[in-house]
Amino acid sequence: MHYYSGDMTSEPILKVSNLVRHFGPVKAVDGISFELSAGQSVGLIGANGAGKTTTMRLLTTLDLPDSGDIIFAGIDATAYPEKVRARIGWMPDGFDPIDHTTVHDYIDFFARAYGLSGSKRVEEVQRVLSFCGIDALSSRYINKLSKGQTQRLSLARMLIGNPDFLVMDEPAAGLDPQARIEFKQLVRELQGQGKTLLISSHILSELAEMCDTMIFMDKGLIIRRGSQEELTQMPEQGVLYSVRVVGDTTPLLAWLAESPEWQGAMVQADGTVQATCTAEGEEAQARALRALCGEHLVLEAARRRRNLEETFVNILQEEK
Ligand code: ATP
């Protein structure tokens, strides 16, 4: 069983144990376990089809697992979904706009569905619209909104009732750079309110900015979990070097391809060659570097910190 624990300083708000959801032969979620502490922001990372959306749909009680437990705030969410739903917000990937419905009416509809009435509903609709910066768009038809405005509407819908666990599937997909910055700012404000966040995204640099912990999924399993620091500096990934040589890089690339201690050599946009030294231990690494410098006219060789994207690709290759 893959079992990972979050920050154990407080009782976890969410405990997931051995969760399984298969669709016929497809093992969308194949026995995952993890815990989230209240106030934690976790990024869910995985290639297409890794099982992220299925996991999120299970956690938000939109789907039932074949087996396994989801305990939210001490409540069995699978057995008693109606007891936890009010505390869980869900922002799905994509949005189907409805014709002839204004921003206000749309949010008002979901506030009614949430069970709010009278002045409480009026206040809640106003609260979420203004938090998301779309109160001025109240009378606009939702099928006429821009992508960024639609994301804010989707966020506003999720926040009705002030849930404390927010699950967002690809929330920043398709946003322009400015809208992305604004979206991240809203996420930070939600973090500041102490909410627990689970966010999936294919833009890993962005997740790294929003989340303190990452969960890597592949083929329905959690294959790694940790902080960005921990994941990008795992010793088994080797040490990444950036090397600048005099003139043509072809001889260096050919030499690296033949050297068992060097892997994944490629030329970068700035003309440097990036490669991973897999020699174990500092002494062996220094020898590998000396061998490289002995064979080529090296102007500069520097250790480089691997980013989350490179780490993810590396881990996937290791898993193959
Ligand atoms: P993406 O990044 O592309 O959104 P994902 O990590 O969210 O991918 P899921 O949507 O969870 O992946 O899908 C995991 C696997 O389960 C895929 O092979 C998918 O085709 C399959 N799957 C998901 N939902 C269903 C369903 N309702 N019926 C059949 N197969 C499904």
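Order of appearance sets the numbers: ligands from 1, and atoms from 1 within every ligand.
- Comment: E283 engages R287 in a salt bridge, judged by a side-chain N to carboxylate O separation of less than 4.0 angstrom.
- With values rounded to the nearest 0.5 angstrom, F183 atom CZ is found 13.5 Å from D176 atom CG.
- On a distance-only criterion, D93 and ligand 1 share no N/O pair closer than 3.5 Å.
- Put simply, L155 and F109 are part of the same group of oily side chains (I, L, V, M, F, W, Y) that touch within less than 4.5 Å, one to the next.
- In this structure, atom 4 (O) of ligand 1 lies nearest to the protein heavy atom T53 OG1, 3.7 Å.
- In this structure, S200 has no heavy atom closer than 4.0 Å to ligand 1.
- The salt bridge (charged side-chain N to carboxylate O under 4.0 Å, His left out) check on R180 picks up E206, with sequence neighbours excluded.
- Between the side chain of K195 and the main chain of P163, a donor-acceptor pair closer than 3.5 Å is present.
- Residue-ligand proximity, A47 to ligand 1, at heavy-atom distances under 4.0 Å covers atoms 6 (O).
- In this structure, H202 counts as a contact residue of ligand 1, since one of its heavy atoms falls inside 4.0 Å of the ligand.
- Near A50, meaning under 4.0 Å from any of its heavy atoms, are these atoms of ligand 1: 5 (P), 6 (O), 12 (O).
- Distance screen at 4.0 Å: atom 20 (O) of ligand 1 has no protein heavy-atom neighbour inside the cut-off.
- Closest to atom 27 (N) of ligand 1 among all protein heavy atoms lies F23 CE2, 3.6 Å.
- Between the CG atom in D135 and the CG atom in L129 there is a gap of 6.5 Å [rounded to 0.5 Å].
- If you check each of K52, K219, R21, H22 against atom 2 (O) of ligand 1, the one with the closest non-hydrogen atom is K52.
- The protein heavy atom nearest to atom 11 (O) of ligand 1 is T54 OG1, 2.6 Å.
- The nearest protein heavy atom to atom 15 (C) of ligand 1 is closer than 4.0 Å.
- Considering both main-chain and side-chain atoms, V26 never comes within under 3.5 Å of ligand 1 through any nitrogen or oxygen pair.
- Using a 4.5 Å heavy-atom threshold, the side chains of Y241 and Q274 count as separate.
- For F95 and Y106, the gap between ring centers is short of 6.0 Å.
- For the pair R157 and F110, the cation sits on the ring face: its NZ or CZ lies under 6.0 Å from the ring centre, inside 45° of the axis.
- Some N or O of G51 is nearer than 3.5 Å to an N or O of ligand 1, by distance alone.
- Distances from ligand 1 to the non-hydrogen atoms of G46 include no value under 4.0 Å.
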